Amino acid sequence: MRLEKCWFCSSTVYPGHGIQFVRNDAKIFRFCRSKCHKNFKMKRNPRKVKWTKAYRRLHGKDMTEDTTFEFERKRNRPERYDRNLTENTLKAIKKIDKIRTERGIKHIEKRKKGKKIKEFKEAQKEVEQGIHLVKAPALLQQDPSLSLPKIKVTVPQQQVEENKAMEE
């Protein structure tokens, strides 16, 4: 049993699943589901479709340059069984998995850090633009020129009487 990779989205295609397309030049394309096959037929570029692994790697969403990924290379050559080698390999797999999770956490933190700085700068810019809307009350008491001017409006007596009659 061989696990293949989807040509479009790079996910795993398990035996008995997916679609296989063979072009006239005998190039084989394997797809995990009809969604990938249809996107391929529409000649879409996987690097521009946001849900593919190619897009995520290209735009820095997933880790791409990590030495722990080198251990996942295909090995089509049969190896002779060696008990010590197998034991060491199993130990190494645990260490590699631990290192990979730590690096993944660091990668996520680094991405969050950039977003926090960006949000802070946007908020700071918004405050600077709208500072005239928010002034401290203590500042208004010290400098009355900052407050709105008081305007006196005279209302005719007849209009006051009409308003009272309407209220009743």
Side-chain angles (χ1 to χ4, degrees), residues 1-137 139 146 148:
M1 285 197 313
R2 174 173 281 172
L3 302 179
E4 304 289 346
K5 291 285 181 189
C6 175
W7 184 88
F8 196 79
C9 70
S10 304
S11 65
T12 308
V13 181
Y14 292 95
H17 292 263
I19 301 161
Q20 186 169 318
F21 172 71
V22 182
R23 206 163 51 189
N24 286 342
D25 63 351
K27 176 135 173 60
I28 298 171
F29 299 93
R30 289 182 177 83
F31 304 103
C32 58
R33 54 187 183 259
S34 61
K35 178 181 182 180
C36 297
H37 187 216
K38 288 175 185 174
N39 277 290
F40 174 79
K41 286 195 290 188
M42 287 190 276
K43 298 184 177 181
R44 288 201 176 141
N45 187 346
R47 288 172 294 196
K48 293 184 180 179
V49 181
K50 289 192 174 185
W51 52 268
T52 61
K53 255 191 183 148
Y55 175 90
R56 293 187 61 78
R57 284 187 178 144
L58 188 68
H59 291 85
K61 308 292 183 190
D62 280 345
M63 288 174 40
T64 52
E65 297 171 5
D66 191 1
T67 54
T68 60
F69 290 124
E70 293 176 11
F71 291 99
E72 292 182 5
R73 287 183 301 202
K74 276 189 182 177
R75 291 175 180 88
N76 292 328
R77 186 184 57 188
E79 291 282 330
R80 178 172 264 178
Y81 178 74
D82 182 10
R83 189 177 191 126
N84 293 332
L85 179 67
T86 307
E87 188 178 321
N88 291 338
T89 305
L90 291 173
K91 287 178 184 176
I93 288 171
K94 289 178 184 175
K95 286 181 184 177
I96 291 166
D97 193 38
K98 185 179 177 185
I99 291 167
R100 190 177 294 161
T101 54
E102 288 172 358
R103 288 182 182 172
I105 291 168
K106 285 180 186 176
H107 174 73
I108 291 168
E109 290 298 321
K110 194 167 90 175
R111 285 187 58 219
K112 282 183 184 177
K113 182 180 174 186
K115 186 176 181 184
K116 284 180 184 177
I117 292 170
K118 185 179 177 184
E119 286 176 351
F120 178 75
K121 286 182 180 178
E122 287 174 358
Q124 198 173 21
K125 185 177 178 183
E126 188 176 338
V127 168
E128 287 173 5
Q129 288 175 347
I131 194 70
H132 65 282
L133 299 172
V134 183
K135 294 285 185 181
L139 190 66
L146 295 174
L148 293 172

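One is the number of the first residue; the rest follow in order along the sequence. Owing to the predicted nature of the structure, the values given are computational and were not obtained by experimental measurement.
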Original post:
With a 4.5 Å heavy-atom cut-off, do K61 and R111 have their side chains touching?
Top reply: yes
Original post:
Taking all atoms of both residues into account, what is the closest heavy-atom pair of A54 and R47, and its distance?
Top reply: CB-CG, 3.9 Å
**OP:** Provide the closest heavy-atom pair for R33 versus W51 in the form atom of the first, atom of the second, distance.
**Re:** NH2-CZ3, 3.5 Å
Subject >> Residues K91, E87; criterion side-chain contact (heavy atoms from CB on, under 4.5 Å); working and verdict >> reply: CA-CA 6 Å; K91 287 178 184 176; E87 188 178 321; 3.7 Å; yes
Original post:
T52 side chain to K48 main-chain N or O, any donor-acceptor pair under 3.5 Å?
Top reply: no
Original post:
Do side-chain atoms of N39 reach the backbone of K35 as a donor and acceptor pair under 3.5 angstrom?
Top reply: yes
**OP:** Report, as yes or no, whether the 6.0 Å neighbourhood of atom OH on Y81 holds more than 12 heavy atoms from other residues, nucleotides or ligands.
**Re:** yes
Original post:
Take atom CZ in F21; do more than 12 heavy atoms of anything else shown fall under 6.0 Å from it?
Top reply: yes
What's the separation between atom [atom1] in [X] and atom [atom2] in [Y], rounded to the nearest 0.5 Å?
X    : Y    : atom1 : atom2 : answer
S34  : K41  : OG    : NZ    : 9.0 Å
L85  : L90  : CG    : CG    : 9.5 Å
C6   : H37  : SG    : NE2   : 10.5 Å
D97  : E102 : CG    : CD    : 10.5 Å
E119 : K112 : CD    : NZ    : 11.5 Å
N84  : T89  : CG    : OG1   : 10.0 Å

Subject >> Check against side-chain contact (heavy atoms from CB on, under 4.5 Å), T12 and E4 >> reply: CA-CA 6 Å; T12 308; E4 304 289 346; over 6 Å; no
**OP:** Please work out which of the three classes, parallel, tilted or perpendicular, describes the rings of W7 and F40, given edges at 30° and 60°.
**Re:** perpendicular
Could you tabulate the donor-acceptor pairs under 3.5 Å formed by side-chain atoms of residues 24-32, not counting sequence neighbours?
| unit_1 | atom_1 | unit_2 | atom_2 | d |
| --- | --- | --- | --- | --- |
| D25 | OD1 | R23 | NE | 3.2 |
| D25 | OD1 | K27 | N | 3.3 |
| D25 | OD2 | R23 | NH2 | 3.3 |

